[in-house]
There are 2 protein chains.
Amino acid sequence: MEDFGSILIVSGPSGAGKSSLIKAAGEKIGEYYFSISTTTRMPREGERDGVDYHFVDKETFEADIRAGEFLEYAQVHGNYYGTSLKPIREALEAGKLVIFDIDVQGHAIARERMGDLITSVFVTTPTLRELERRLRSRGTDDPEIVRNRIENALIEIEYVSAYDYLIVNDDFEKALDSFVAVAKAARLKRGRKQVLRFINQWREA
Amino acid sequence: MEDFGSILIVSGPSGAGKSSLIKAAGEKIGEYYFSISTTTRMPREGERDGVDYHFVDKETFEADIRAGEFLEYAQVHGNYYGTSLKPIREALEAGKLVIFDIDVQGHAIARERMGDLITSVFVTTPTLRELERRLRSRGTDDPEIVRNRIENALIEIEYVSAYDYLIVNDDFEKALDSFVAVAKAARLKRGRKQVLRFINQWREA
């Protein structure tokens, strides 16, 4: 079968452990392209441009919107966040698994536009109380940002049923094992075009 | 989260290796309930009632149809094949993963009725030629049955895009690794009811 990539979307409240899972999964899931979001918010301490986010100003972001350069974008806490299309297309054409860490709005839009390539998973803490505890103990965000994240989590949790899979990150090793399985499964997803090509080759080879 | 089960549907041509994959996956995917089909066809050599199939006569099967006792049923090669609902319900309520080996028609019906619980995977050989070779080398079926299976495979392959995942069983160890990942992912599927209950508990716990 021709090698064409597929997409894994990871959503869930800040503090649920998405980044830790993706980082820890590392080589266990083979080569993948991690889609870095573009944002107009200010870098937090330690965040680097091109690694954590592409940091751009509002004018640049809005010009890219008009040029159709985003798979999806949204405003959260007054800042733009978006997913640029070009690097994704390139990674898919190279047969890679593309991993996105995007919010529930982004997931809904991506599913509408590239649904046949997508596997999605929602990662959350066992409870809201536990999420609050983790956010507070991180100590990197001021109380207002924590409050914002909690409010956001209360909205995001309503969208769990739009996702293929749910990982409750209680025991990290178990959550990691689940995440690796979902990522490996995501690699087996084939878009409509690839399926048609496969069927033709299957019959005639 | 309350333990409620989920469903993994495995389809694909006879001879593609579905049974071998399910058998080899064994303990790697944890406890599961393997749904045994009910059929009116005659047992083949070595097949046992209650293990390979529930073998019943046509009258019994048709009475169960009228009683709504089947999730799905179909006629293939002049025989009835069906999936009884009761043991599935019990397994789901016990929080188990239920694995079905059913055809593309069965998959379509199951998806309509219990879609929110289902992950599905289509298993096939790399080519039609390879499928023919495997079926002939098994030597358990007479040439007419082999011809029938090939004709069926040519129809079934058209339905690949209705499945969540595609496993091309070329290298068995690779296919097994993929199958285990899909089965583990399937366990993370949550039905609408379970998701609603989870959201409520998540907020209030």
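Proteins get letters first, then strands, A, B, ... in listed order; numbering begins at 1 in each.
- In this structure, the separation between OH on A/Tyr165 and NZ on B/Lys184 is 14.0 Å, given to the nearest 0.5 Å.
- For the atom pair CD1 of A/Ile7 and OH of A/Tyr32, the computed distance is 15.5 Å after rounding to the nearest 0.5 Å.
- Using a 4.0 Å cut-off between charged side-chain N and carboxylate O, A/Glu69 and A/Lys86 make no salt bridge.
- Within the 4.5 Å cutoff, the side chain of B/Phe198 has heavy atoms near those of the A/Val168 side chain.
- Proximity to chain A at a heavy-atom threshold of 4.5 Å picks out B/Thr119, B/Thr124, B/Thr125, B/Pro126, B/Thr127, B/Leu128, B/Arg129 from residues 97-130 of chain B, in numerical order.
- For the atom pair CD1 (A/Ile9) and CD (A/Glu72), the distance works out to 8.0 Å, reported to the nearest 0.5 Å.
- Minimum heavy-atom separation, B/Phe70 to B/Tyr73: CB-CD2, 4.2 Å.
- Neither the backbone nor the side chain of B/Ala183 comes within less than 4.5 Å of any heavy atom in chain A.
- Put simply, the side chain of A/Thr38 never gets that close to the backbone of A/His54: no donor and acceptor are under 3.5 Å apart.
- For the atom pair OG (A/Ser35) and CG (A/Leu71), the distance works out to 8.0 Å, reported to the nearest 0.5 Å.
- Chain A forms more heavy-atom pairs under 4.5 Å with one residue of B/Ile167, B/Leu196, B/Asp177 than with any other, namely B/Asp177.
- For residues 150-158 of chain A, heavy-atom neighbours of chain B at less than 4.5 Å comprise A/Ala153, A/Leu154, A/Ile157, A/Glu158, sorted by residue number.
- When each of B/Leu188, B/Val195, B/Ile199 is scored by its heavy-atom pairs under 4.5 Å with chain A, the top score falls to B/Leu188.
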>> I'd like to know whether B/Arg190 forms a side chain to side chain donor-acceptor pair (under 3.5 Å) with A/Tyr163, so could you lay out the CA-CA distance, the side-chain angles of the two residues, the decisive distance to 0.1 Å, and finally the verdict.
In response: CA-CA 9 Å; B/Arg190 289 291 168 265; A/Tyr163 286 76; over 6 Å; no
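- Considering CZ of B/Phe179 and NZ of B/Lys28, their distance stands at 11.5 Å, rounded to 0.5 Å.
- Note: A/Phe61 CZ to A/Phe55 CZ = 12.5 Å, rounded to the nearest 0.5 Å.
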